[in-house]
Amino acid sequence: MLRHDFRPGRAVAGLVMLALAGGYAADAAGVWHAPLAFFAPVLVGGLWLAATAAWVNYRLRRRREARKASAEKSAAPPSSSGSQAMR
């Protein structure tokens with residue numbers, strides 16, 4: 001059994017941050033000289049990709065839960081006309 005749900009938006013954001021950290025580390029070590037203008041688009045694009053993945057995951061999860069709820073419905077919902085005894 002899973003302990004928690006998989007969150008692809010967080011996974012993508014984590015991978016982007018790891019890539020940026022690796023790029024900065026390589027630049028600091030002198031292995032790779034990357035211009036500063038390289039990191040900004042990677043950061044913005046990666047965050048946009050993470051947000052898109054999170055939004056798609058949210059929409060799919062919501063749709064799946066709605067289908068499951070409608071399939072489990074076996075009895076008619078209680079009436080809201082006020083005929084039930086209320087405390």
Side-chain angles (χ1 to χ4, degrees):
M1 176 126 267
L2 294 175
R3 292 182 184 233
H4 56 83
D5 296 330
F6 176 66
R7 305 284 185 177
R10 290 182 182 185
V12 170
L15 289 174
V16 168
M17 294 305 147
L18 282 173
L20 286 172
Y24 276 118
D27 191 24
V31 177
W32 179 49
H33 179 69
L36 187 60
F38 170 77
F39 292 107
V42 170
L43 175 66
V44 173
L47 291 178
W48 179 83
L49 186 63
T52 303
W55 180 76
V56 168
N57 182 44
Y58 168 77
R59 296 294 295 179
L60 290 174
R61 189 175 303 247
R62 191 170 164 197
R63 189 175 189 184
R64 188 179 316 128
E65 288 173 1
R67 278 190 194 158
K68 185 178 178 183
S70 67
E72 289 177 354
K73 204 179 277 189
S74 59
S79 174
S80 60
S81 64
S83 62
Q84 289 85 16
M86 297 180 76
R87 291 187 197 198

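None of these values were measured; they are calculated from a predicted model.
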Smallest separation among heavy atoms of Pro8 and Asn57, with atom names: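 Looking at all heavy atoms of both residues, the closest pair is CD-ND2, 3.4 Å.
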
Is it possible for you to say whether [X] and [Y] belong to one hydrophobic cluster, with membership spreading through side-chain heavy-atom contacts below 4.5 Å?
X     : Y     : answer
Leu36 : Leu20 : yes
Val42 : Met17 : yes
Phe38 : Val16 : yes

Could you label the plane-to-plane angle of the Phe39 and Tyr24 rings as parallel, tilted or perpendicular, counting under 30° as parallel and over 60° as perpendicular?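 Plane angle under 30°, so parallel.
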
Other residues, nucleotides and ligands only: do more than 12 of their heavy atoms fall within 6.0 Å of CH2 on Trp32?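 Correct, the count exceeds 12.
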
How about CZ on Arg10, more than 12 heavy atoms from neighbouring residues, nucleotides or ligands closer than 6.0 Å, or not? no

Can you name the residues that form a ring pair (Phe, Tyr, Trp, His ring centres under 6.0 Å) with Trp55, not counting sequence neighbours?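 Expected list: none.
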
Under the side-chain hydrogen bond (donor to acceptor under 3.5 Å, both in side chains) rule, collect the residues that match up with Arg62, sequence neighbours excluded. Tyr58

